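Have a look at the structure below, then the notes.
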Amino acid sequence: DFTPGNLVVPLNVSLIASALKHEFGNDVDLRLFKSPRKLLDALEHDTAPNLLGLSNYCWNQQLNKFFLCKIEERHPDLIVCSGGPHIRMDLDGIKEHLRQNSRVNFFTMLEGEIPLTSVVGQFLSKDISVRSLEDSDPIPGLAYLRDDELVYNEPVYEKGALDRIPSPYLAGLLDEFLDDPTSIPMF
């Protein structure tokens, strides 16, 4: 599962986890995975999560498709939110990506910390369902298809909003990945 060259920590998803923990504290239970094998084991043997987030990069696109197939088989009602740079930014490109990855319910565009915090906030205050989000006002920065039509409002970020998110290193979210003395923290 790990090669000698796979020594970095999952900073991208830990920043989102830190934003969620900062906003919701113990109301959310989060697990971070760097290892595909550990994620697969968790999906096969643990209680299914309410929401699964997948980072979307060119180097893990096929791995995500594998996991989406597994999710469809084992947890067809699991809500999947993806985000990352491996998507065209024009409206047609976003729509096409969502069509090609129909098992992804929502895609966070650009910085995912703020839209995903809004998603989780709605789930905690209303109902943990795709319908609860589709029936609400669109969340800026969140893209999804409703009746095969793209729903997307461009994100609007308050200056410094991301700076208020605590460091995932200081929050202890990366401790399990830093136990290996050969790990390379990426700042």
Side-chain angles (χ1 to χ4, degrees), residues 9-25 27-33 49-61 63-65 67-68 71 77-168 171 173-174 186-187:
V9 297
L11 181 60
N12 55 344
V13 294
S14 72
L15 287 164
I16 291 174
S18 187
L20 293 172
K21 279 305 225 184
H22 178 68
E23 184 71 23
F24 304 112
D27 289 341
V28 293
D29 182 23
L30 305 168
R31 291 180 64 188
L32 303 179
F33 293 92
N50 294 311
L51 173 74
L52 177 68
L54 296 172
S55 58
N56 187 53
Y57 292 89
C58 59
W59 59 81
N60 72 343
Q61 187 73 31
L63 186 59
N64 282 351
K65 288 181 181 189
F67 277 109
L68 292 171
I71 290 164
D77 296 327
L78 178 60
I79 298 167
V80 178
C81 188
S82 185
H86 193 61
I87 188 171
R88 285 183 19 218
M89 296 298 294
D90 61 284
L91 297 179
D92 289 336
I94 298 167
K95 186 175 183 178
E96 184 60 27
H97 181 85
L98 289 167
R99 280 182 175 159
Q100 289 177 1
N101 297 279
S102 61
R103 188 56 192 88
V104 172
N105 302 103
F106 305 102
F107 197 96
T108 58
M109 302 298 297
L110 302 173
E111 306 302 329
E113 291 85 348
I114 294 171
L116 197 56
T117 298
S118 296
V119 167
V120 171
Q122 284 207 23
F123 285 163
L124 292 174
S125 68
K126 293 183 180 185
D127 178 28
I128 300 175
S129 71
V130 171
R131 180 62 56 200
S132 72
L133 275 179
E134 290 179 346
D135 291 343
S136 301
D137 292 333
I139 293 173
L142 189 71
Y144 57 94
L145 297 177
R146 181 190 302 147
D147 300 324
D148 201 45
E149 291 302 318
L150 179 65
V151 177
Y152 173 59
N153 284 349
E154 290 195 22
V156 178
Y157 297 117
E158 174 189 334
K159 184 176 180 172
L162 296 176
D163 296 337
R164 290 190 287 275
I165 298 170
S167 163
L173 293 167
L174 293 167
M186 302 299 273
F187 297 97

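Everything quoted here is computed from the prediction, not taken from an experiment. Position 1 is the first residue of the sequence, and the numbers go up from there.
- Residues A17 and L30 come closest through the heavy atom pair O-CD1, 3.5 Å.
- For the atom pair CG (L142) and OG1 (T108), the distance works out to 7.0 Å, reported to the nearest 0.5 Å.
- Within the 4.5 Å cutoff, side-chain heavy atoms of M109 are placed close to those of M89.
- Under the side chain to side chain contact (heavy atoms under 4.5 Å, CB included) criterion, P138 pairs with V151, N153, sequence neighbours left out.
- Residue pairs satisfying the ring-ring contact (aromatic ring centres under 6.0 Å, His included) criterion with at least one member in residues 116-166, sequence neighbours excluded, are listed as follows: F106-Y144.
- For the pair P10/L174, a side-chain contact is recorded, criterion being any heavy-atom separation below 4.5 Å from C-beta on.
- Residues passing the side chain to side chain donor-acceptor pair (under 3.5 Å) test with E154: none are found, sequence neighbours excluded.
- Atom CD1 of I71 is separated from atom CG of D77 by 12.0 Å, given to the nearest 0.5 angstrom.
- Between V9 and S14 the shortest side-chain heavy-atom distance does not fall below 4.5 Å.
- Between D90 and I94 there is no side-chain heavy-atom pair separated by less than 4.5 Å.
- Here the straight-line distance linking atom OG of S82 with atom CG of N105 works out to 10.5 Å at 0.5 Å rounding.
- Looking at residues two or more places apart in sequence or on another chain, you find a side chain to side chain contact (heavy atoms under 4.5 Å, CB included) between E158 and A161, R164.
- Residues forming a ring-ring contact (aromatic ring centres under 6.0 Å, His included) with Y57 (at least two apart in sequence, or on another chain): W59.
- When the side chain to side chain donor-acceptor pair (under 3.5 Å) test is applied to Q122, the partners found at least two apart in sequence or on another chain are S136.
- D135 pairs by the side chain to side chain contact (heavy atoms under 4.5 Å, CB included) definition with R131, not counting sequence neighbours.
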For this session: Would you please test V80 and R103 for side chain to side chain contact (heavy atoms under 4.5 Å, CB included) and show each step?
Result: CA-CA 7 Å; V80 178; R103 188 56 192 88; 3.8 Å; yes
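- Inter-residue side-chain proximity for L116 and C81 is flagged as met; some heavy-atom pair is nearer than 4.5 Å.
- To the nearest 0.5 Å, atoms CD (E113) and OG (S118) are separated by 12.0 Å.
- In terms of the side chain to side chain contact (heavy atoms under 4.5 Å, CB included) criterion, residue partners of T117 (sequence neighbours excluded) are, by chain and number, A19, L20, E23, F24.
- Applying the salt bridge (charged side-chain N to carboxylate O under 4.0 Å, His left out) rule to pairs touching residues 137-151 yields K95-E149, R99-D148, sequence neighbours excluded.
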Atom pairs and distances, donor-acceptor, side-chain atoms in residues 49-56, under 3.5 Å, two or more places apart:
from, atom 1, to, atom 2, distance (Å)
S55, OG, N60, ND2, 3.4
N56, ND2, H86, O, 2.7

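- Contact of the L15 side chain with the L173 side chain is not registered, since no non-hydrogen atoms from C-beta on lie closer than 4.5 Å.
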Problem set entry | Residues N101, N64; criterion side chain to side chain contact (heavy atoms under 4.5 Å, CB included); working and verdict | CA-CA 10 Å; N101 297 279; N64 282 351; over 6 Å; no
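- Closest approach of P166 to S18, counting heavy atoms only: O-OG, 2.6 Å.
- Legend: residues meeting side chain to side chain donor-acceptor pair (under 3.5 Å) with D92, ordered by chain and number and at least two apart, are absent.
- I165 has its side chain out of reach of K21: every pair of non-hydrogen atoms, C-beta onward, lies at least 4.5 Å apart.
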